[in-house]
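Lettering of chains follows the sequences in order, A, B, ..., and the numbering in each one begins at 1. Not measured: the values here are computed from a predicted model.
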Amino acid sequence: MSIYDNLNDRQKEAVLNVEGPMLVLAGAGSGKTKVITTRIGHMIKDIGIKPWNILAITFTNKAAKEMKERVEDIDGVDASDVWVSTFHSFCVRILRMEIENLGYNRNFVIYDGNDQKTLVKECLKELNISDKLYPVNSVMGKISSKKNELIEPMQYLKETEDDFRENVYANIYRLYQSKLEKNGALDFDDLIGMTVKLFKTREDILSKYQNRFKYIMVDEYQDTNTAQYTLTRLLAIAHTNLCVVGDDDQSIYSWRSADIKNILNFEHDFDNVKVVKLEQNYRCSQNILNAANEVIKNNISRKSKTLWTDNNEGNKIKYFVSDTEKEEARFITDQIAKSVRGCERIYSDFALLYRTNAQSRVLEEYLVKKGIPYALFGGTRFYERMEIKDVISYLRTVLNPIDDIAVKRIINVPKRGIGNTTIEKVAKIAREENLNFYDVLGRASDYTELKSPATKLKTFHTMIENLRNQMESLGLSMFIEEVLTEVGYVASYENENTIEADGRVENINEFISKAVEFENENEDATLESLLEEISLVADIDGLKEDADTVKLMTIHSAKGLEFPVVFLTGLEDGIFPGYRAMTSENENDMEEERRLCYVAITRAKQELYMTHAVSRLTHGRVQYNRVSRFMDEIPKELIDDSLAPKKKVNKEYASNETKINDFFKKNVYNKVEKPKNIEINYSEGDIVSHMKFGKGTVIKINPAGADYEVTVDFTKVGEKKLMSTFAKLKKV
DNA sequence: GCGCGAGGAGTTTTT
DNA sequence: CTCCTCGCGC
């Protein structure tokens, strides 16, 4: 039996076409991973392409690992020399070898989101800019998006000369970048950006890698941003053996600067692009797939593609309305408990998906109450926990003492009597003398300002120096333990004797065991490689599918996964689609939200529940939300709503009417929820025009919540349901 | 320098 | 509701 026997014709076509550029449009559940892995197998086994000439890029480490394993499983293929990695780890690998060409030290550390935040705060302080006017989050977002667009500080400064506000951002960006450099650090975006810079400035280095990676594959291509796109293009342009795989309907990362145009325009980027569409879905039941198709067809900007399946019709989609988010959680956990008790399902058959991490709380509460084992992904990640970050900062300090952020974080943890005033003084001196924070500690006695804390600072400095000297002789995990005892970190928690502190100690122990594990798995494990691994793992990478637990995660994290039974929760306007998308001027935001819904629905293999809570506690206030518009887009005949109590009007809800109105008045929601201000100058039967859809006839106008839902039959795109506030229809 | 308590601000989504 | 910052008293 050959490795191609269980492929369909389209899949086979994609597998066998190895030379030249190819776009594989792979719908949800269409066997995309199988195609990629078989293709690699084919290249090595049948064509004789050398494994080390192949590069496959994925989005998560988990996907990379899985892909590699599946290639290795193919008979007679040795995949150990194939590079399968994420964009970020690919770049780190290149940079560790080459970054000195850009004047950086190859021991650079990688700053995560929290480190970035701290650094931005420092910048604002130093530039005397108020974080009220320039909120830290927006500064970070701005810097990140500039980096993803490959715009460097100087260029940005120049571009914004005439725009005061933007220019301030540019200034912060410049300082931020120089601080990163001084600390010997790169942030996530730099990993990609620096690699691109390297390839752009050094043709010799670029061609070395072009010749190394003659065959390139990129998975989830719809999620690439400009920097990643450029990187791919640079690498592939010499041999043009580039195969990109993706699905424009599953593009859900535009907020991270992913540009859907990268996949939509791929055919124009290279000559003679072969396009293969994988439209047969092997995952979902007929009903589930139909629902997904019905939802996604409301999007305008997409490549035409219709998924079909041979699978059974399956059950209808179960829709459940509850009064509160608590009842929603109770219903879900009841259903799970019932079918496990009846031996129809095991816990790991279920996934609970939600739009925002905050929604997981109630669900957890009820899972615990019912004694259902579960695994939660997202939220605060293991490596982001305070105590773990502290430990890591110690390691970073020992390894790379110019990393000011790490040094400042732990200099007074546990308490050493080095307070904020002292830290500020040291920082000021460091700035003035153009030294690193740590350097000043070593010569504290030279400065009169540091007279009183000098001994404490020196002691800290000596301790770190001593630790560094032991690094070589002790093994990795031994060294970590040595650091923790020497520093007195664990002891300080043990003395606390609180449940919280015990939990922290437990986490630290887990960290040590992870280090041991890492040491066992990698022969040449070093502190650098451990820290690197830590900074690049995603939460989802730790997913153990075999554990018999219910899985909880955001829809974003669920991408690429599948489950027999999915509960899609919080189907409310304002939650999903989120409030942001509902009020956005930009039609694309709602479309992305809809794609997210498409992704969510297509995670389910056999059964899909969609739940909606009429009222929900958010920010400590009760919010009343109408059912999600996405729910309305699913035809009634696909839905079983018999679980829901018959459209009863909850007494409390009714009597709360006045309160609700008060709430809306006070709340930003009045922007969308108050129909008063909406004027519609057209009525049923009128011809109207829309910015994107062109001309059409108004079929129906319904009051929907606080807005009007207008059904229009457009000449070009057919029937559409629009909210009058956003559609901005004009009577012709 | 440190700890506590009050008050304010803030929520998508993550490599 | 919860996390974080700030200011005060020790």
Side-chain angles (χ1 to χ4, degrees), chain A residues 57-64 85-92 110-114 116-118 121 131-132 135-138 140-141 144 147-148 186-192 220 223-225 227-228 251-258 325 353-362 377-381 383-384 386 411-425 452-453 456 532-541 553-559 570 574-584 589 592-593 595-597 599-600 616-623 668:
Chain A
I57 296 179
T58 62
F59 244 64
T60 63
N61 294 296
K62 181 175 175 289
S85 66
T86 63
F87 267 109
H88 294 270
S89 37
F90 171 78
C91 289
V92 172
I110 301 164
Y111 275 7
D112 70 9
N114 292 315
Q116 287 178 54
K117 198 174 200 163
T118 316
K121 279 185 196 156
D131 63 353
K132 296 268 186 298
V136 179
N137 284 333
S138 87
M140 287 207 298
S144 172
K147 287 187 176 186
N148 289 149
L186 300 188
D187 64 21
F188 281 131
D189 301 317
D190 279 341
L191 297 177
I192 319 284
E220 308 280 13
D223 289 328
T224 53
N225 59 38
Q228 292 161 333
S251 155
I252 53 172
Y253 283 105
S254 74
W255 52 274
R256 211 168 70 187
S257 312
E325 79 283 358
L353 307 184
Y354 35 79
R355 178 66 241 268
T356 63
N357 280 308
Q359 288 164 255
S360 69
R361 261 210 160 81
V362 214
F377 301 90
T380 4
R381 284 189 275 271
Y383 293 115
E384 278 169 14
M386 183 177 81
I411 190 167
N412 201 29
V413 184
K415 300 262 169 304
R416 298 190 178 88
I418 305 171
N420 266 326
T421 351
T422 308
I423 293 177
E424 279 307 312
K425 275 183 202 158
S452 59
K456 291 171 186 161
E532 183 176 306
E533 159 124 346
I534 287 168
S535 49
L536 294 177
V537 290
D539 212 45
I540 206 72
D541 296 335
M553 64 188 84
T554 62
I555 302 166
H556 279 89
S557 307
K559 191 164 81 149
I575 303 287
F576 187 26
Y579 158 72
R580 283 277 260 273
M582 288 187 24
T583 50
S584 165
D589 291 339
E592 176 145 323
E593 213 70 9
R595 290 193 291 270
L596 199 52
C597 185
V599 169
R616 186 175 292 276
L617 198 65
T618 342
H619 314 244
R621 288 186 161 269
V622 180
Q623 237 186 60
V668 272

Next on the checklist: Stacking between A/Trp255 and B/dT13, defined as ring centres under 5.5 angstrom apart with planes under 30°, is that present or not?
Outcome noted: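 Yes; centroid distance and tilt both under limits.
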
Item to check | Pair A/Ser257-A/Asn225, side-chain donor/acceptor within less than 3.5 Å | outcome: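 A/Asn225 and A/Ser257 do not have a side-chain donor-acceptor pair below 3.5 Å.
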
Checklist entry - Within this structure, what is the CD-to-P distance between A/Glu384 and C/dC3, rounded to whole angstrom? => result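 So the CD-P distance, A/Glu384 to C/dC3, works out to 15 Å.
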
Next on the checklist: Using whole Å, what does the distance between atom P of nucleotide B/dT15 and atom CG of A/Asn61 come to?
Outcome noted: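 Going from CG in A/Asn61 over to P in B/dT15 covers 9 Å.
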
Checklist entry - Which string of ( ) [ ] | and . matches DNA chain B, if you list each base 5' to 3' and count Watson-Crick or G-U pairs only when both distances are under 3.5 Å? => result ||||||||||.....

Next on the checklist: Output the rounded distance in Å from CG (A/Asn114) to C1' (B/dT15).
Outcome noted: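 In whole Å, B/dT15 C1' and A/Asn114 CG are 14 Å from each other.
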
Next on the checklist: Please give me the minimum heavy-atom distance between A/Asp223 and A/Gln228, naming the atom from each residue.
Outcome noted: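 In terms of heavy atoms, the two residues are closest at O-OE1, 3.8 Å.
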
Next on the checklist: Can you tell me if A/Asn357 touches the phosphate of B/dT13, counting only side-chain N or O atoms and a distance under 4.0 Å to OP1 or OP2?
Outcome noted: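 A/Asn357 to B/dT13 OP1/OP2: side-chain N or O found under 4.0 Å.
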
Checklist entry - When the C1' atoms of B/dT13 and C/dC4 are considered, how many whole Å apart are they? => result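 So the two C1' atoms sit 22 Å from each other.
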
Checklist entry - What is the distance, rounded to the nearest whole Å, between atom CD1 of A/Ile555 and atom P of B/dT14? => result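 Taking CD1 of A/Ile555 and P of B/dT14, I get 11 Å after rounding.
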
Checklist entry - Under the ring pair (Phe, Tyr, Trp, His ring centres under 6.0 Å) test, which residues partner A/Phe90, sequence neighbours left out? => result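 With neighbours one apart ignored, the set is A/Trp83, A/Phe213.
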
Checklist entry - With sequence neighbours excluded, what pairs up with A/Asn412 under the side-chain contact (heavy atoms from CB on, under 4.5 Å) test? => result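 side-chain contact (heavy atoms from CB on, under 4.5 Å) list for A/Asn412, sorted by chain: A/Lys415, A/Arg416, A/Ile418.
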
Next on the checklist: Checking A/Arg616 now: which residues fulfil salt bridge (charged side-chain N to carboxylate O under 4.0 Å, His left out) with it, not counting sequence neighbours?
Outcome noted: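 For A/Arg616, the residues satisfying salt bridge (charged side-chain N to carboxylate O under 4.0 Å, His left out) (neighbours in sequence not counted) are A/Glu328, A/Glu572.
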
Next on the checklist: Just to verify, what does A/Glu325 make a salt bridge (charged side-chain N to carboxylate O under 4.0 Å, His left out) with, not counting sequence neighbours?
Outcome noted: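 Here no residue qualifies.
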
Checklist entry - Using a cut-off of less than 4.0 Å, is there contact between a side-chain N or O of A/Asn225 and OP1 or OP2 of B/dT15? => result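 So the side chain of A/Asn225 is outside the cut-off, no N or O lying under 4.0 Å from OP1 or OP2 of B/dT15.
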
Checklist entry - Closest to the A/Leu617 side chain: C/dC1, C/dT2, B/dT15? => result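 The listed nucleotide nearest to A/Leu617's side chain is C/dC1.
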
Checklist entry - How many Å lie between CD1 on A/Ile252 and C1' on B/dT14, as a whole number? => result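 The answer, rounded to whole Å, is 10 Å.
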
Next on the checklist: Using the side-chain contact (heavy atoms from CB on, under 4.5 Å) criterion, which residues pair with A/Ala63? Sequence neighbours excluded.
Outcome noted: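 With neighbours one apart ignored, the set is A/Thr58, A/Thr60.
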
Checklist entry - By salt bridge (charged side-chain N to carboxylate O under 4.0 Å, His left out), which residues pair with A/Asp112, not counting sequence neighbours? => result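 A/Asp112: salt bridge (charged side-chain N to carboxylate O under 4.0 Å, His left out) contacts with A/Lys389.
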
Checklist entry - Can you name the residues that form a ring pair (Phe, Tyr, Trp, His ring centres under 6.0 Å) with A/Tyr253, not counting sequence neighbours? => result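 Counting only residues at least two positions away or on another chain, A/Tyr253 forms a ring pair (Phe, Tyr, Trp, His ring centres under 6.0 Å) with A/Trp255, A/His556.
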
Checklist entry - Between A/Phe377 (CZ) and B/dT14 (P), how many Å, whole number? => result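 The answer, rounded to whole Å, is 13 Å.
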
Item to check | Between P of B/dT15 and NE2 of A/His88, the distance in whole Å | outcome: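 So the two atoms are 9 Å apart, to the nearest Å.
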
Checklist entry - On DNA chain B, nearest-nucleotide positions of A/Thr86 versus A/Gly578: which is more 5'? => result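 Result of the comparison: A/Gly578.
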
Checklist entry - Does a side chain donor of either A/Thr356 or A/Gln359 reach within less than 3.5 Å of an acceptor in the other side chain? => result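 A donor-acceptor contact under 3.5 Å links the two side chains.
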
Next on the checklist: Treating primed atoms plus P, OP1 and OP2 as sugar-phosphate and everything else as base, which nucleotides of nucleotides 1-8 of chain B get B, S or - for protein heavy atoms under 4.0 Å?
Outcome noted: SSS-----

Next on the checklist: Between C1' on B/dT14 and CG on A/Asn137, what's the gap in Å once rounded to a whole number?
Outcome noted: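 Taking CG of A/Asn137 and C1' of B/dT14, I get 13 Å after rounding.
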
Item to check | Those residues that, when tested against A/Ser85, pass side-chain hydrogen bond (donor to acceptor under 3.5 Å, both in side chains) (two or more places apart) | outcome: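 side-chain hydrogen bond (donor to acceptor under 3.5 Å, both in side chains) check on A/Ser85 returns nothing, list empty.
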
Checklist entry - Under 4.0 Å between a side-chain N/O of A/Thr618 and OP1 or OP2 of C/dC1, yes or no? => result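 So the side-chain polar atoms of A/Thr618 never come under 4.0 Å of the phosphate oxygens OP1 or OP2 of C/dC1.
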
Checklist entry - Taking the same atom, C1', in B/dT11 and in C/dC6, what whole-Å distance lies between them? => result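 Pairwise C1' distance, B/dT11 against C/dC6, rounds to 23 Å.
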
Next on the checklist: Which nucleotide wins on minimum distance to the side chain of A/His619, given the candidates C/dC3, B/dT15, B/dG10?
Outcome noted: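 Among C/dC3, B/dT15, B/dG10, the one nearest the side chain of A/His619 is B/dG10.
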
Checklist entry - Can you tell me how far OG of A/Ser584 sits from CD of A/Glu593, rounded to the nearest 0.5 angstrom? => result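 It comes to 10.0 Å.
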
Distances for protein N/O vs nucleotides 4-8 of chain C N/O pairs under 3.5 angstrom?
{"residue": "C/dT5", "atom": "OP1", "partner": "A/Lys121", "partner atom": "NZ", "Å": "3.1"}

Checklist entry - Counting any heavy atom closer than 4.0 Å, what does A/Phe87 reach on the DNA or RNA strands: base, sugar-phosphate only, or nothing? => result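 Nothing, no nucleic acid heavy atom in range.
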
Checklist entry - For A/Asp189, which contact category applies under a 4.0 Å heavy-atom criterion: base, sugar-phosphate, or nothing? => result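 No contact at all - A/Asp189 keeps every heavy atom at 4.0 Å or more from the nucleic acid.
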
Checklist entry - Residues two or more places apart in sequence or in another chain: which of them pass salt bridge (charged side-chain N to carboxylate O under 4.0 Å, His left out) with A/Asp589? => result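 Partners of A/Asp589 under the salt bridge (charged side-chain N to carboxylate O under 4.0 Å, His left out) test: none.
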
